[in-house]
Student: 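Below are the C-alpha cells for one structure; questions will follow.
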Amino acid sequence: MLGSGIIKGMVETARNFFGSYVSRERLTTVQYPEQQLAPHENARTIPLLVYDGDMEHLRCTACGICEMECPAQCIYIVKDTVKKSDYLGRMQFQPRVFDIDISVCMACGICAEVCPFDSIMMDQVFALSTQNRFSGLLLHKEDLAKANGYFHAIHPSDAGDIDARRDEDKRKAEAKAKAAVAAKAAAAIKSSEASAKQVEVAA
Amino acid sequence: MQTPEQIKSLIEQNVPGAQIELVPNGSPGGPASILIDSDHALAATTFLRDAEELAFDFASNATGIDWPERVIKEKNKVKKMVDGVEKEVEEITEKKTPAFLETVYHLYSMSLSTGPLVLRLRTGDRGQNNHLPSLTPVWRSCEFQEREIFDLFGIVFDGHPDLRRILMWDGFKDHPMRKDYVEPDDYEYEPTPHDDVLEKAQRHYAQEATV
Amino acid sequence: MTALAEPPVMHEAPPSGTIWRLAEDRSSFAGPTDDRAGGLPDHDLLEVALGPHHPSTHGVFRMDVVLDGEEVVRLKPVFGYLHRNHEKIAEKNSYLAAIPYTDRLDYICSMTNNWAYVMTVEKLTGFQPPERAEYIRVIVGELTRLFNHACLVGFLLQDMGALGTPLMYAFREREKILDLFESLSGARMMCNYMRFGGVRCDLPDGWIEEAKQVVAEFPRFLDEFEALLTGNEILLVRSQGIGVLSKELAVNAGVTGPMLRASGVGYDLRKVDKYSIYPRFNFRIPLGQHGDVFDRYMIRLLEMRESLSILKQALDTIPAGPIVDPKAKQRGLRPKAGEAYGRIEAPKGELGFYVVSDGSPNPYRFRIRPPSLINLTVLEDMCLGHTIADVVIILGSVDIVLGEVDR
C-alpha cells in the first residue's frame, strides 16, 4: 500500500520520541552547562607541566625535545642559567621561559609522548576561550605548572605508574650513593690499615 | 602478476620504439617502477590497459615529484700507486643529477586483482620542457589528479581535456609543491616567534620597513 | 604557460544563446572546458554557483552548474577553499609529526587515516605490528566505518529533505562510538592513535566489554533505521534511477569504496589486498546492481552489518600481547631511501599514501590519494540531465569530506 513505508517510519519516530524519556540508550545527551559528564581518564586537551612539591621544582629540564617534535611548533622554551638539583640529586637546568601558544596547539599529545622526564602531560581543562586573541591564549610556565597531586587526580593510573618508577629510580640512586659512600669508607679504612701495616713493617 | 621486467619486455614487444627503463626501489619489498619515454607513453599505457593478460584498468594514484638538480657524492675505493706501493684510496666523486619533474602513476587491475605497477614519466627539465602527455584519455581517474599536478608542480599535460588550476585559485602564479617554492610574506603576529617563525617575522618586518 | 586566461568581460546585455552569469566572474568557466558534456543548447541558459556556503555541499565546495530550465547541462566542481597543502606541511615535518595532521584529512574517520599512513611507513621501513595491535586497528577501523556510514545516510537524508531525524539518530549512535574512542585514545575525533609498528597505548580496562555492548546494541539501531527509511516511498522515488553510474565508467574513473560497489564491481581492498588481518574474518561484500543513489544508500546499510560481524569476531578473539613492534622507532625515524604506496579500504573508498624517503628525517615526497576527490571525477557525468534537487542528493551519495578533498 502506498504510504505504508511512511507510516512505519512514523511509528519508529514515535518509539524513539517516547523512548527518550525512559531509556538512556535513546537519549545520550545531557543538559550541558548544568549537567556535566566526568571526562574519561585518557581524555586530553592542552599540555601541562608537572612539579613535585613547589613550583620551583618543575620536572622539566628544558631539554627542548617537545619543542622540536611539536607538529604545530607552538612550544617555546628558554633555558635558565643556573642548575638545580632534581629528584635524583643530579644537577639539571630548568626552563626560564616555557610558553605554549594554545591558539596553535592541536592537543595531539606528542609532546607528552616524547618527554623523557615525565614532565609534560596532557590536561583535561576545556572551555578555554578568552577575549584576548594573543596574550589570553599564550600560556606561560606559571599557567602550565600543575602539582603532581592534580596530575594524580586526572590521570590516576598513569600518575601511579610514573611515581612508582620514579620512587624506584630514587631508591636505586640512594642505594648506589650509599654503596659509593660505603665503598669510599671501606677504601679509607683499608688504606689506613695498609698505612698502619707499613708503619708496623717499618718498625 | 608479471614482474616489472616481464612487463617491460611485453611493452617493448608490443609498442615498437618505446624506451623503457626500470627504476629500482630501496624500500624492503617495494616493487621497481617502470620509466617510459614520454613519446610512447600514451601507446604504452593504452596497451597496459587493454592487453588481456595485464588489464591495468584502474589508475589508483597519480602524483608528481620535483627533483631539482642535486649533487650526489659517491665514495669509491680506487687502487692507486702511492709512493711506489699499491694502496686502496677512497676517492669522492661528485655527480650532478639532472633536474626534472616526474609523474608517478600507481596502476592496478580490478578485473585480475593484481597490482601495483608503478609507472613514471619524466620531463626534460624544470623550466620550459615541462610537458608530458596526459593519461586522462586512458584513465579518467587521472583527470583531477593531473590537474592537481599541474597546479602544484607545474607539469603541463598535453591532451588533458580541462587543464586548469584545481586547489589554488586561478590567478595564482607559482607551484607550491616545488622544492624551491618561496612562501609569500604572510607572516601574522605571533606572541612567541621562534626558529622558522622568527626568520619569517624578521623578513616580514624588514620588508615592511623598506616599503 | 598561459592556460590561465584573463577572465572574460561581462556583457552589458547578454545576447541570446549565452550563459547568464549570476556568479561573479571568478568562475571556473574562465578556463578551457572540454566538450564531454556535449555542445550547449542555443537558447538562454542560467549559470548558478551552488556553494561554497550552500548547506547541501557538505562544507566549502562549489559546483558551477549551467541550467537549461531546471535541467543540468553542465557542472564543474570547484575545490580548494579548504586547501592548506597538507603534503607540504608533512614534507617539512618529521615522520611522526605527520600523524596528527592525517587526523584532519577526513575529519570524520581519523582512525583509518592514521592507519593508512602508518601502514605506508611500515612498508617503507619493514616494521611488523604485533598481533594485538593489528586486532586493535581492525576494531577501531570497523567502528569508524560504522559511524561514517551511519552519518552519511543521515546527511543524505538531510539533503533529501528529511531534516534532522535520521541524522540525529545516526549521531546518537556515533556518540557511543566516539565515547569509546575517547576512553581509548584521549580524543573523540582527532585520535592520533596509531604509531609506526603498532598503536600508541593499550586498551583501558573494560574497554572490550564496553565495545562489545555497543556492537551488540547497534543492530537494533540499524533495524530501526531501516524501518524508518528503507521502505519510505519518498526516499524510493527520490533515489531510484537517479545519478546512475555505469560499471565501466566507475572503473575507468577510479571510483572506489561503496560507490564502486554500488555500481556492481566487487572490489574491496580488505579482500583484494588482504592487508592487516582481514583474511581471518568472515564477511561478505555487498554489491549493487543499478549504481543509482538508492544502491549507494543500501550498500552503506549492508556494509554496516558486515562491519558488525567483523567486530564481533575481532572482539571475541583479540589476543593479549605487546602493542608495538619492539624494533619500531617513532622519534627521529629515518627510513632508507626508497618509496612505498600503501592503501586501505577507508569508509569513503581507497585511501592511499605514497611516501618517498631520501634517507633524511622528513619525507621527501608525501602524497595522499584522497578517495573523496577522485570519486568526484564522475559527479558531472552522474548529474547531467537531472534537476538541481537531484544534484544535491547525488553529491550527498558520493560521501565527501572537504578536509580530504582539498587537503
Side-chain angles (χ1 to χ4, degrees), chain A residues 1-17 19-20 23-30 37-47 65-66 68-74 105-116 121-124 126 154-158 161, chain C residues 89-90 92-94 96-101 103-104 162 164-166 168-169 171-176 178-188 190-193 195 200-201 203-205 207 213-214 217 220-221 223-237 330-332:
Chain A
M1 187 192 79
L2 190 68
S4 61
I6 296 178
I7 293 168
K8 228 166 116 191
M10 293 292 189
V11 174
E12 282 312 321
T13 6
R15 197 209 304 270
N16 274 283
F17 174 66
S20 69
S23 160
R24 196 74 230 157
E25 294 308 314
R26 294 191 196 275
L27 186 74
T28 50
T29 49
V30 294
L37 296 175
H40 292 278
E41 193 191 328
N42 271 344
R44 58 166 202 258
T45 53
I46 56 162
I65 290 177
C66 52
M68 196 172 70
E69 290 294 324
C70 175
Q73 298 287 304
C74 68
C105 174
M106 55 181 175
C108 64
I110 281 185
C111 49
E113 198 182 324
V114 298
C115 180
M121 290 292 163
M122 300 310 279
D123 207 342
Q124 291 184 343
F126 53 93
I154 58 173
H155 297 295
S157 47
D158 276 3
D161 290 351
Chain C
I89 297 173
K92 288 185 167 183
N93 268 337
S94 68
L96 175 65
I99 298 179
Y101 282 105
D103 286 341
R104 288 147 177 86
T165 309
M168 284 304 135
Y169 291 178
F171 267 45
R172 185 186 64 202
E173 299 309 309
R174 172 176 181 246
E175 189 62 33
K176 295 171 187 164
L178 288 187
D179 269 353
L180 284 178
F181 281 6
E182 188 180 4
S183 68
L184 174 61
S185 72
R188 294 155 58 78
M190 304 300 147
C191 297
N192 181 19
Y193 180 60
R195 286 292 177 269
R200 196 185 63 206
C201 50
L203 303 176
D205 297 337
W207 194 87
Q213 204 190 341
V214 168
E217 281 168 8
R220 192 192 67 178
F221 156 73
D223 294 340
E224 285 184 11
F225 214 45
E226 283 217 58
L228 174 67
L229 302 172
T230 306
N232 187 306
E233 286 84 357
I234 302 172
L235 186 142
L236 297 179
V237 173
Q330 315 295 340
R331 252 190 76 212

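Note that the structure is predicted; figures quoted are calculated from it, not measured. All chains are named by letter (A, B, ...) in the order of the sequence lines, taking the proteins before the strands, and each is independently numbered beginning at 1.
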Student: Quick check: does any side chain N or O of Arg172(C) sit under 3.5 Å from a backbone N or O of Thr29(A), one acting as donor and the other as acceptor?
Tutor: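 Between the backbone of Thr29(A) and the side chain of Arg172(C) there is no qualifying donor-acceptor contact (under 3.5 Å).
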Student: What are the two closest non-hydrogen atoms of Glu182(C) and Ala43(A), and how far apart are they?
Tutor: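 Nearest heavy atoms, Glu182(C) then Ala43(A): OE2-CB, 3.4 Å.
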Student: Any side-chain heavy-atom pair from Ile110(A) and Ile99(C) closer than 4.5 angstrom?
Tutor: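 Heavy-atom side-chain distance check fails, nothing below 4.5 Å.
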Student: So what's closer than 4.5 Å to chain A heavy atoms on Asp179(C): side chain, backbone, both or neither?
Tutor: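 Both backbone and side chain of Asp179(C) come within 4.5 Å of chain A.
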Student: Please find the pair of heavy atoms, one from Glu69(A) and one from Leu96(C), that lie closest to each other, and give the distance.
Tutor: OE1-CD2, 4.0 Å
Student: Quick one: are Asn16(A) and Leu228(C) in side-chain contact, heavy atoms under 4.5 Å?
Tutor: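 A side-chain contact under 4.5 Å is absent here.
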Student: Write down the atom of Cys108(A), the atom of Pro100(C), and the distance for their closest heavy-atom approach.
Tutor: CB-CB, 3.6 Å
Student: Could you tell me which portion of Ser4(A) (side chain, backbone, both or neither) has an atom closer than 4.5 angstrom to a non-hydrogen atom of chain C?
Tutor: both
Student: Partners of Phe17(A) by ring pair (Phe, Tyr, Trp, His ring centres under 6.0 Å), sequence neighbours excluded?
Tutor: Tyr21(A)
Student: Please determine, among Leu235(C), Leu236(C), Asn192(C), the option with the most heavy-atom pairs under 4.5 Å with chain A.
Tutor: Asn192(C)
Student: Could you tell me whether the side chain of Glu12(A) and the main chain of Phe225(C) form a donor-acceptor pair under 3.5 Å?
Tutor: no
Student: Please state whether the side chain, the backbone, both or neither of Glu41(A) comes within less than 4.5 Å of a heavy atom of chain C.
Tutor: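 Neither part.
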Student: Between Glu226(C) and chain A, which part of the residue has a heavy atom less than 4.5 Å away: side chain, backbone, both or neither?
Tutor: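 Neither the backbone nor the side chain of Glu226(C) comes within 4.5 Å of chain A.
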Student: So which of Met106(A), Lys8(A), Met122(A) has the biggest tally of heavy-atom pairs under 4.5 Å with chain C?
Tutor: Met106(A)
Student: Considering only heavy atoms and a distance below 4.5 Å, find which of Glu173(C), Gln330(C), Arg200(C) pairs most often with chain A.
Tutor: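 When all of Glu173(C), Gln330(C), Arg200(C) are compared, Arg200(C) has the most.
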Student: Let me know if Ile65(A) has heavy atoms under 4.5 Å from chain C in its side chain, its backbone, both or neither.
Tutor: side chain
Student: With a 4.5 angstrom heavy-atom cut-off, is it the side chain or the backbone of Arg15(A) that approaches chain C, or both, or neither?
Tutor: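 Just its side chain gets close to chain C.
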Student: Measure Lys176(C) against the heavy atoms of chain A and call it side chain, backbone, both or neither at under 4.5 Å.
Tutor: side chain
Student: Please tell me if the side chains of Thr13(A) and Tyr169(C) come closer than 4.5 Å, counting only heavy atoms from C-beta onward.
Tutor: yes
Student: So for Arg188(C), is it side chain, backbone, both, or neither that comes closer than 4.5 Å to the heavy atoms of chain A?
Tutor: neither
Student: Which heavy atom of Asn42(A) sits nearest a heavy atom of Leu184(C), and at what distance?
Tutor: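 Result for this residue pair: ND2-O, 3.1 Å.
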Student: Can you tell me how far the CZ atom of Arg26(A) sits from the CD atom of Glu224(C), to the nearest 0.5 Å?
Tutor: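 The distance works out to 4.0 Å.
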Student: Measure across His40(A) and Ser183(C) and return the closest heavy-atom pair with its distance rounded to 0.1 Å.
Tutor: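 Smallest heavy-atom distance, with atoms named: ND1-CB, 3.4 Å.
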Student: With rounding to the nearest 0.5 angstrom, report the CD to CZ distance, Glu113(A) to Arg195(C).
Tutor: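 Rounded to the nearest 0.5 Å, the CD-CZ separation comes to 4.0 Å.
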Student: For each of Ala98(C), Ala97(C), Gly186(C), tally heavy-atom pairs with chain A at distances under 4.5 Å, and name the one with the top tally.
Tutor: Gly186(C)
Student: Between Met68(A) and Arg331(C), is there a side-chain heavy-atom distance shorter than 4.5 Å?
Tutor: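 In short, these two side chains touch, coming nearer than 4.5 Å.
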Student: Could you tell me which portion of Asn93(C) (side chain, backbone, both or neither) has an atom closer than 4.5 angstrom to a non-hydrogen atom of chain A?
Tutor: side chain
Student: Which residues pass the side-chain hydrogen bond (donor to acceptor under 3.5 Å, both in side chains) test with Gln124(A), sequence neighbours left out?
Tutor: none
Student: Any idea which of Gly332(C), Cys191(C), Cys201(C) has the most non-hydrogen atom pairs under 4.5 angstrom with chain A?
Tutor: Cys191(C)
